[in-house]
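Atoms within a ligand are numbered from 1 in the order they appear, just like the ligands themselves. These numbers come from the heavy atoms of this one structure, side chains and all, not from hydrogens, waters or symmetry mates.
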Amino acid sequence: MKLKLYNVRGEEVVLAKVWAKKHDIEISLNEGPLTVDSVKEAQGFDGLVNAQLGPLDDAIYPMLKEMGIKQIAQRSAGVDMYNLDLAKENGIIITNVPSYSPESIAEFTVTIALNLIRHVELIRSQVKKHDFSWSLPLRGRVLGDMKVAVIGTGRIGLAAAKIFKGFGCQVMAYDIYQNPKAKEILDYKNSVEEAIMDADLVTLHMPATEDNHHLFDMDMFKKFKKDAILLNMARGSLLKTKDLLVALDEGLLAGAGIDTYEFESYYVPKNFENQEIKDKDFLALINHPKVIYTPHTAYYTDEAVKNLVESALNATLDIIETGTTATRVN
Ligand code: NAD
């Protein structure tokens, strides 16, 4: 059996090779993406593993069918970059890795919350200027005294809620489907508005859908408690970036921790050092004094990277050997 992996980053090479040795399977690693040109290199292989970032070219599905390839295993939870119907029409099963380490994203959420609450970036910048004085902008708040609203209480939202609860926070939540297990640690409200109105900290953990596109806009920010902090470790399109910047400037919000930006796919995960950032909103976001922006790194831990590589390879093997797998999405 021979498998081909696309968009392989250096750190994934060893993990993939260890898996291949264990299963006695030949693997070939492409650094580049899966394109109409590079797909030709998949000829003669039995399965594909990919880490697609933008939309996959529709022409690729019939090309794979022609080659006798029956699946693509995506090394992420999101599969919005695939045309699932077209894949199905061409007999291609798409799989994802739905849960690779919810704790990684949850712990990062709390890390950024604490950094914002205790003004760690500002303290560090003053110390670098040898200013060791105490002044009001550095004065923090106690996380455990805060009320937290968790929007989306699935794997990651619930893991974050548990940590906030552990600090002593009162946790409110909104989800379109209430999770009975979550009710032991949080209070469900009947709407997003009800969940956020008293919250000092609002953290988003729901997928991007047509219904929640730009749900967090100026109208919603006006309903926030004054001086609240917003955390978005879920998907950029959940909030309207332009409105967030105005809400921060006008003092409606005290700060924001943003790990996902709606037009991030051009920039993340790439190095733009010494290059011009043409997206003015993105530039304003990353330089805003009240924002901690991180480039989709909430998931990025040893555990998550290992789980992503191994789970995608396992799904590929499963489909080739049995015709299906538990993580198929079409
Ligand atoms: P999940 O499917 O376990 O939970 C999502 C929850 O959101 C579900 O309980 C669902 O009912 C709820 N939901 C859906 N639409 C909603 C809406 N309109 N309003 C309120 N709740 C809604 O997913 P998860 O594994 O917890 O992941 C949550 C999100 O985190 C993902 O969709 C993804 O966007 C994001 N994510 C980010 C990173 C990162 O590195 N920043 C990594 C992985 C996932």
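Applying the side chain to side chain contact (heavy atoms under 4.5 Å, CB included) test between Leu238 and each of Thr209, Asn212, Ile151 identifies Asn212 as the sole match. Test Thr241, Asp279, Asp281 against Tyr261 for side chain to side chain donor-acceptor pair (under 3.5 Å) and you get one pass: Asp279.
Considering all non-hydrogen atoms of both residues, Val268 and Pro295 come closest at CG1-O, 3.5 Å. When all heavy atoms are compared, the tightest approach of Ile69 to Ala42 is CD1-O, 3.6 Å.
Atom 14 (C) of ligand 1 has its closest protein heavy atom at Pro207 CD, 3.5 Å. Here the heavy atom of the protein found nearest to atom 33 (C) of ligand 1 is Arg235 NH1, 3.7 Å. Ranking protein heavy atoms by distance to atom 28 (C) of ligand 1, first place goes to His205 O, 3.4 Å. The protein heavy-atom contact nearest to atom 15 (N) of ligand 1 is Ile176 CD1, 3.5 Å. Annotation: atom 19 (N) of ligand 1 to nearest protein heavy atom, Met206 SD, 3.2 Å. Summary of contacts: the protein heavy atom closest to atom 37 (C) of ligand 1 is Met233 O, 3.1 Å.
Side-chain contact between Tyr61 and Leu56: present, with at least one pair of heavy atoms (C-beta onward) separated by less than 4.5 Å. Side-chain contact between Asp85 and Asn330: absent, with no pair of heavy atoms (C-beta onward) separated by less than 4.5 Å. Between Arg141 and Ile229, the closest side-chain pair of non-hydrogen atoms falls below 4.5 Å. In this structure the side chain of Phe164 never reaches within 4.5 angstrom of the side chain of Leu186, judged on heavy atoms.
Within 6.0 Å of CD on Glu31 lie no more than 12 heavy atoms contributed by other residues, nucleotides or ligands.
When each atom of ligand 1 is checked for a heavy atom of Tyr177 under 4.0 Å away, the hits are 11 (O). Every atom of ligand 1 with a heavy atom of Gly152 under 4.0 Å away is listed here by number and element: 7 (O), 21 (N). The atoms of ligand 1 that sit less than 4.0 Å from any heavy atom of His296 are 38 (C), 39 (C), 40 (O), 41 (N).
Residue Asn212 touches ligand 1 through its side chain alone, judged by heavy-atom distances below 4.0 Å. Contact annotation for Arg155 and ligand 1: heavy atoms of both the backbone and the side chain come within less than 4.0 Å of the ligand. Of the heavy atoms in Ile156, both backbone and side-chain atoms come closer than 4.0 Å to ligand 1. When heavy-atom distances to ligand 1 are checked against a 4.0 Å cut-off, Asp175 comes that close through both its backbone and its side chain.
Taking distance alone, with nitrogen or oxygen atoms compared against 3.5 Å, Thr260 stays at or beyond that limit from ligand 1.
You'll find the ring centres of Tyr293 and Phe282 inside the 6.0 Å limit.
Of the candidates Pro102, Ser104, Ser191, Gly154, the one placing a heavy atom closest to atom 4 (O) of ligand 1 is Gly154. Of the listed residues (Tyr100, Tyr174, Tyr299), the one carrying the non-hydrogen atom nearest atom 43 (C) of ligand 1 is Tyr100.
Under a 4.0 Å heavy-atom criterion, Ile105 is in contact with ligand 1. Within the 4.0 Å heavy-atom cutoff, Ala234 counts among the residues contacting ligand 1.
Relative orientation of the Phe224 and Phe216 rings is perpendicular, given thresholds of 30° and 60° on the angle between their planes.
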